[in-house]
Amino acid sequence: MQRGKFITFEGSEGCGKSTQIRRFVEALENQGIEVLTTREPGGTVVGEKIRHLLQYDKDAGDLTDESELLLFAASRAQLVPNVILPALEKGTWVVADRFLDSTTVYQGIGRGLDVSAVKAINSFAVGDCLPDLTLLLDLDVEIGHARALAASGESEDRMESQPMEFFRKVRQGYLDLAAEEPGRIAVIDASASIDEVTAAIQSEFSRRMEGAFS
Ligand code: TMP
């Protein structure tokens, strides 16, 4: 049994990840590939509780940056052994809405925590379960913020309500990460139309994962 492929989508608020993930998974399924879609934080019962705490719980206002980092890592440490690895081992492909790059960038660069500590915690949480391909949807932060607000009906969750400067750092952090790991991370211009972004994703995917179906 050939191991499944592990593909992650990354990007900051309003970049269109959900729509593009839906289309991408549909295209894979049309080729007869079995796909499991998951998201972070979340994807397990405990992970979804952590997601709620991190995003909406009114008592989470005074979370320290360090606790926030560890909670994201805890959600992932549930997801990897319970959901992602078993699926990959039985040949199912896994498509994840965010994974460890979100922590590197949001907590390491955005919050300003020590990036080497963040990477060590990431590695403790995931072991050697790393994505085969990461599609980074890159978008101007003002446009992304306006789109995210429109989508959520003008109400922001705890992460979305960070200052614009935070998201500028996040965007640059992602681009720097992509420059460090060009073999794994493909940067997609998410300012184009939905159809154009879908086409760009398909073309990067085909170019980088040629032979993945055999
Ligand atoms: P979203 O996936 O619906 O965009 O929401 C998840 C939010 O959590 C988003 O603001 C990014 C943030 N986040 C982190 O700060 N660190 C992480 O490790 C992950 C997975 C998400």
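Both ligands and their constituent atoms are indexed starting at 1 by order of listing. No experiment lies behind these values; they were computed from the predicted model shown.
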Check your understanding: Should Glu160 be listed as contacting ligand 1, given a heavy-atom distance under 4.0 Å as the test?
Key -> no

Exercise for review: May I ask you to decide whether Arg184 forms a salt bridge with Asp101, counting only side-chain N to carboxylate O separations under 4.0 Å?
Suggested key: yes

Review point. Who's the nearest protein heavy-atom neighbour of atom 1 (P) of ligand 1, and how far?
Key: Arg98 NE, 3.6 Å

Practice item. Answer yes or no: is there an ion pair linking Lys49 with Asp57, defined by an N-O contact shorter than 4.0 Å? Key: no

Review point. Hey, quick one: are Leu70 and Val46 part of the same hydrophobic cluster, counting side-chain heavy atoms closer than 4.5 Å, chains of contacts allowed?
Key: no

Point to revise | Pair Asp140-Ser191, side chain to side chain donor-acceptor pair (under 3.5 Å): steps then yes or no | key: CA-CA 8 Å; Asp140 173 86; Ser191 67; over 6 Å; no

Revision key, fill the gap. Closest to atom 19 (C) of ligand 1 by heavy-atom distance, out of Phe9, Phe72, Tyr106, Phe167, is Phe72

Practice item. Please work out whether any backbone atom (N, CA, C, O) or any side-chain heavy atom from C-beta onward of Glu40 is under 4.0 Å from ligand 1, and answer side chain, backbone, both or neither. Key: both

Check your understanding: Looking only at protein heavy atoms, which one is nearest to atom 18 (O) of ligand 1, and how far off is it?
Key -> Thr103 OG1, 2.5 Å

Review point. Nearest protein heavy-atom contact for atom 9 (C) of ligand 1: which residue, which atom, what distance?
Key: Glu13 OE2, 3.4 Å

Exercise for review: Apply side-chain contact (heavy atoms from CB on, under 4.5 Å) to Thr38 and Thr44, showing your working.
Suggested key: CA-CA 9 Å; Thr38 188; Thr44 62; over 6 Å; no

**Study point:** Numbering as shown, the atoms of ligand 1 that approach Arg76 to under 4.0 Å (heavy-atom distance)
**Key:** 18 (O), 20 (C)

Exercise for review: Check whether any N or O atom of Glu68, backbone or side chain, sits under 3.5 Å from an N or O atom of ligand 1, and answer yes or no.
Suggested key: no

Practice item. Ignoring hydrogens, just give me the one of Arg39, Lys17, Arg51 whose non-hydrogen atom is nearest atom 3 (O) of ligand 1. Key: Arg51

Review point. Relative to each other, are the rings of Phe9 and Phe24 parallel, tilted or perpendicular (30° and 60° limits)?
Key: perpendicular

**Study point:** Lys/Arg-Asp/Glu bridge criterion (N-O < 4.0 Å) met for Lys5, Asp132
**Key:** no

Check your understanding: Any idea which protein heavy atom is nearest atom 6 (C) of ligand 1, and the distance to it?
Key -> Gln55 NE2, 3.4 Å

**Study point:** Residues Lys119 and Glu180 bridged, charged N to O under 4.0 Å
**Key:** yes

Review point. Of the protein's non-hydrogen atoms, which lies at the shortest distance from atom 16 (N) of ligand 1, and what is that distance?
Key: Gln107 OE1, 2.8 Å

